[in-house]
Structure formats: structure tokens, C-alpha cells
Amino acid sequence: MKGKKKIIIISLLFTGLSWLYGCGSPSSDLDVGAGGQTQAESAEAEKTEEQAEAGLVYESSMELCYAENFMVDYYEGGYTMLTTTMDGERFLIVPENGGIPGGLEEDITVLYRPVQDIYLVASSAMDMFAQLGSMDAIAFSGQKEDGWYIEAARESMANGDIVYAGKYNRPDYELIVSKGCSLAVENMMISHSPEVIEKLEEFGIPAMIDYSSYESHPLGRVEWVKFYGTLLGKEEEANRIFEKQREILERVSEDEKTDKTVAFFFITSNGLVQVRESGDYIPKVIELAGGRYIFEDLGSPDTKRSTVNMQVEEFYNDAKDADFLIYNSSIDGGVSSVEELLDKCGPLADFKAVREGNVWCTTNDMYQQSLSIGYLMEDIHGMLRGKEDGMHYLFPLSKLAQ
């Protein structure tokens with residue numbers, strides 16, 4: 001994206017009928033000009049234009065608690081700069097009626113508020129748009145309707161408000177161009193298809209990559225709601241959402257750690273066991289919840305991988321004495337009983353957690369619910385302390401018949 005300015009102008013039609021936005025007729029003491037603006041609005045517009053011509057004047061930056069892969073800087077006149085730090089891409093959010101600041105560097109992408117007609121490929125962001133009340137900003141989805149567990153996404157697609165526009169590596173260019181797509185929000189998979197980014201740019205559609213999955217702290221992922229809140233002009237809502245999750249962490253952290261061990265796994269179709277690498281966010285959630293991930297030094301932090309496959313024998317040797325087992329349902333839809341789990345992998349019958357009835361399963365929607373991390377932490381915290389009620393994303397499997 002370097003080397004040229006990518007400007008997406010979202011045109012606004014102003015009718016001058018200000019009474020449409022109120023409960024009654026316009027106030028008689030408002031001096032409305034020929035352009036449909038009051039004197040105050042005209043003065044503000046002139047001020048914004050002057051600031052734009054003068055260039056950006058820095059005011060402050062957003063303070064982040066955990067996120068490391070984005071920054072937010074504020075400038076005079078309501079201008080905001082979003083930066084994704086892993087690739088250095090910068091996006092200037094221009095306020096309504098604002099102009100392009102003078103002296104703007106050519107590698108900065110300009111987006112005008114309100115940012116709409118988004119092609120959302122990063123599925124982890126959908127939950128944030130939904131929780132921010134900004135589903136109307138999305139026009140295109142990189143996932144089909146039946147692939148969503150987020151109810152707001154399914155409803156919007158069923159109603160035709162959001163349409164399927166192809167996967168990340170095969171977008172329907174004709175559709176998104178003809179319907180006026182203003183921005184593509186991609187996930188990290190786009191790095192395998194750089195030609196898609198180039199093609200989007202040819203059509204004047206900038207791409208913004210979501211790096212939330214690369215955050216080192218679990219709540220760093222959640223804090224990306226502030227990134228999207230800034231993009232959409234919903235900063236206050238984003239702060240409230242994040243604070244709720246941070247409060248859960250503070251509450252859970254008040255209790256002493258249990259030191260009970262947890263194995264989080266999935267049985268693949270070819271009989272291997274898929275587990276999380278030790279540096280992944282799930283083991284960190286387990287640790288923050290007061291437990292200990294059974295695999296203490298699995299994988300390499302340099303690979304940026306989240307999972308690793310192992311033979312059943314290796315899993316048996318390393319995890320048979322784990323105090324708790326959590327089966328990951330995100331791929332195969334999960335299991336409803338221990339017997340069903342044993343049908344997938346018979347040797348699990350010898351595991352301590354199976355014998356003692358400490359086997360749990362995640363709900364199908366956990367991974368799409370990107371704002372679920374705090375609640376998952378709370379669930380694991382409760383699981384470790386013998387609680388079964390009030391769970392959000394975990395449920396216990398029926399105990400093995402004796």
C-alpha cells in the first residue's frame with residue numbers, strides 16, 4: 001500500500017431539511033443560509049477547512065491497556081489516525097464535512113466518516129461491529145450466512161442488508177465495486193494472497209488488516225474493539241465494552257491460583273490430537289483464570305502458530321493426568337457426552353479427568369465471539385472451582401457410566 005495515496009470518498013447527500021432530524025419544525029431563531037446550514041454550522045465548516053489546509057496538528061494518543069498491534073492518534077478538528085503497527089499502515093479518519101489536510105504523506109489512506117459499505121473478511125471483527133451497534137456499516141461478508149454463529153450477522157444476511165462477496169482469496173470484485181465498497185477489513189490469511197490486495201487497490205478499495213490474533217495478552221484481542229470503535233465513531237461504546245471485560249479479569253484475579261491442570265484439545269478427522277501451543281491465548285486465559293495449561297513448553301513463539309497436531313500416544317503420555325479436559329468444538333461441532341468423545345478417541349477413557357468426571361466442551365460460537373474472552377476466563381475460573389451454573393461458553397459433558 002506504500003507509495004500512493006488511497007482516498008475513498010463516501011459521498012453524502014445533504015437535503016437541507018433539518019426538520020427531519022427533530023420532533024417538530026425547525027426553530028424560528030436559527031439563521032439558515034442558502035446551503036441549508038446555520039451560521040454556526042457554516043463557521044464550523046470554515047474552521048475545519050482552514051485546519052485541513054494548515055495540516056494535521058497533533059493533540060493526543062489513546063492509552064491502551066494490553067493491545068500492542070494498533071495505535072490511535074487524535075488531531076485538531078476531529079481528525080483521527082489509526083495505525084496497524086505490524087505493517088505500519090496508517091488510516092486517517094476525516095470528520096464529516098472535513099477536507100484532506102495539507103502536507104499529508106502519500107502512504108496514508110484517507111477514509112471519510114461515516115465509514116460504510118465495508119467488505120468484512122475478518123470474522124473476528126463481526127462480533128465487535130455487532131456489539132458496537134454498527135452492523136449497518138457492513139455491506140459485504142467474506143463468509144456465507146450459514147457460516148455465522150453471530151445472530152446479528154445471520155439476520156443481516158437473511159434480510160439482504162449484508163451480502164456474501166466471496167472468501168478472502170476470491171472476492172467478487174464485480175459485486176463489491178458495483179455496490180460501492182469503501183473498505184476491505186481482512187484477516188491475516190490475506191498474506192497468502194497479496195494479489196488480492198493489489199487488485200482491490202486497482203479498484204480504489206483500501207485494505208485494512210486485523211492483527212488482533214497476534215496480541216500477546218488475551219484482553220489485547222478484546223481491546224481491538226477500541227480500534228473499530230474509533231473507525232466507526234463509537235469510542236464511548238467501545239470503552240464500555242472493554243471495561244466490562246477488564247473488570248472480569250480483575251475479579252477473577254482476586255482469587256488464588258488453583259494450580260489445577262487443563263488440557264484443551266480437538267480430535268482431527270485423521271485421528272490426531274490438535275492442541276494449543278503454550279504461547280497461544282487459550283493457555284494464557286487458563287492461567288489468568290487460575291489454572292495451569294498441561295503443556296508448559298509446547299511450540300515456538302517465533303512461528304506465530306496457535307495449534308500443533310500430535311499423535312494420540314504423545315497426548316496420552318503428556319495429558320493423561322490433567323485435572324480437566326476441555327474439548328474444542330469449533331471445527332466439528334463438538335460432542336454431547338463423554339461416550340461420544342470416547343468414540344472419537346478410546347484411550348481417553350484412562351485419563352484422570354474422564355475417570356473423575358471433569359470433562360468439558362466449548363460452545364460452537366466461542367471463536368466468532370471475539371468479545372467472549374473475559375467470559376471464557378470467568379467460565380474456566382468457575383470450572384476449576386466446581387461451578388457448573390451460569391456458564392457462557394463452556395458446558396460439562398455427562399459423566400462416564402460406571
Side-chain angles (χ1 to χ4, degrees), residues 66 124 127 149 212-213 215-223 241-242 244-267 273-299 306-307 315 318-331 334-336 338 341 348 351-399:
Y66 304 103
S124 62
D127 188 34
Y149 289 105
S212 61
S213 63
E215 294 293 346
S216 59
H217 193 284
L219 287 192
R221 293 178 171 228
V222 176
E223 200 161 17
I241 291 169
F242 175 73
K244 287 183 179 179
Q245 297 283 299
R246 197 158 71 99
E247 288 168 6
I248 293 174
L249 173 59
E250 292 175 355
R251 185 166 62 249
V252 166
S253 299
E254 291 176 355
D255 292 333
E256 292 185 7
K257 294 186 178 298
T258 66
D259 204 39
K260 293 180 179 179
T261 52
V262 180
F264 190 97
F265 71 105
F266 163 72
I267 305 299
V273 183
Q274 184 182 92
V275 299
R276 316 297 292 202
E277 290 198 354
S278 302
D280 179 61
Y281 82 101
I282 290 291
K284 293 180 181 178
V285 168
I286 292 171
E287 180 182 352
L288 291 170
R292 182 162 56 87
Y293 187 54
I294 194 68
F295 300 102
E296 296 182 350
D297 191 23
L298 183 64
S306 61
T307 63
F315 183 69
D318 293 340
K320 66 180 184 299
D321 293 325
D323 295 304
F324 291 87
L325 295 179
I326 300 178
Y327 188 73
N328 177 11
S329 71
S330 64
I331 300 176
V335 293
S336 58
V338 173
L341 179 59
L348 291 173
F351 278 50
K352 173 185 176 181
V354 175
R355 297 196 309 269
E356 296 181 356
N358 292 322
V359 185
W360 293 67
C361 185
T362 67
T363 58
N364 294 338
D365 62 343
M366 188 188 77
Y367 285 102
Q368 287 188 5
Q369 303 282 358
S370 56
L371 298 175
S372 69
I373 292 177
Y375 297 117
L376 175 62
M377 187 188 309
E378 192 172 42
D379 288 351
I380 295 175
H381 179 262
M383 177 194 77
L384 294 170
R385 287 160 175 76
K387 176 183 175 182
E388 294 189 3
D389 298 328
M391 296 290 182
H392 297 87
Y393 298 105
L394 287 183
F395 62 92
L397 297 182
S398 58
K399 296 181 180 180

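Basis for what follows: all heavy atoms, side chains included, without hydrogens, waters or symmetry-related copies.
Looking at every heavy atom in both residues, S370 comes nearest to V222 through O-CG2, 4.0 Å. The minimum heavy-atom distance linking P283 with S278 is given by the pair CB-O, 3.5 Å. Contact between F395 and T362 at its shortest, heavy atoms only, is CE2-O, 3.6 Å. Closest approach of I248 to E378, counting heavy atoms only: CG2-CB, 3.9 Å. Y149 and Q368 make their closest contact through N-OE1, 2.6 Å (heavy atoms, listed as atom of the first residue, atom of the second, distance). Here the shortest heavy-atom pairing between L371 and D127 reads N-OD2, 3.0 Å.
Atom NZ of K257 sits in a crowded spot, with more than 12 heavy atoms from other residues, nucleotides or ligands closer than 6.0 Å. Other residues, nucleotides and ligands contribute only 12 or fewer heavy atoms inside 6.0 Å of the CD atom of E256.
Applying the ring-ring contact (aromatic ring centres under 6.0 Å, His included) test to F242 and every residue at least two apart in sequence or in another chain returns nothing. Shown here are the side-chain hydrogen bond (donor to acceptor under 3.5 Å, both in side chains) partners of S336, two or more places apart in sequence or in another chain: E340. T307 is linked by a side chain to side chain contact (heavy atoms under 4.5 Å, CB included) to Q274, R276, counting only residues two or more places apart in sequence or in another chain. Evaluation of the side-chain hydrogen bond (donor to acceptor under 3.5 Å, both in side chains) rule for E296 yields R292 as partners, not counting sequence neighbours. Applying the side-chain hydrogen bond (donor to acceptor under 3.5 Å, both in side chains) criterion to T363, with sequence neighbours excluded, gives D365. K352 is linked by a side-chain hydrogen bond (donor to acceptor under 3.5 Å, both in side chains) to D323, counting only residues two or more places apart in sequence or in another chain.
Rounded to the nearest 0.5 angstrom, L288 CG and I380 CD1 are separated by 9.5 Å. In this structure, the separation between CZ on R385 and OG1 on T258 is 5.5 Å, given to the nearest 0.5 Å. To the nearest 0.5 Å, atom CE of residue M377 and atom OG of residue S372 are 10.0 Å apart. Distance check: E247 CD to R251 CZ gives 7.5 Å after rounding to the nearest 0.5 Å. We find the CZ-NZ distance between R355 and K320 to be 10.0 Å, quoted to the nearest 0.5 Å. The line from CD1 of I373 to CG of L249 is 11.0 Å long, rounded to the nearest 0.5 Å.
R246 is listed as a side-chain neighbour of E250, based on a closest heavy-atom distance under 4.5 Å. Proximity of Y281 to E215: side-chain heavy atoms (C-beta onward) are nowhere separated by under 4.5 Å. Using a 4.5 Å heavy-atom threshold, the side chains of W360 and M391 count as touching. The shortest side-chain heavy-atom distance between F266 and Y327 falls under the 4.5 Å cut-off. The shortest side-chain heavy-atom distance between Y66 and R221 does not fall under the 4.5 Å cut-off. Residues L325 and N358 are not in side-chain contact: their nearest non-hydrogen atoms beyond the backbone lie 4.5 Å or more apart. Counting heavy atoms from C-beta outward, L394 and I326 have side chains that approach closer than 4.5 Å.
Under a 3.5 Å cut-off, the side chain of K284 and the backbone N or O of S216 do form a donor-acceptor pair.
Ring pair F295/F265: centre-to-centre distance not below 6.0 Å.
A side chain to side chain contact (heavy atoms under 4.5 Å, CB included) with Y293 holds for exactly one of V285, T261, V275, I282; it is V275.
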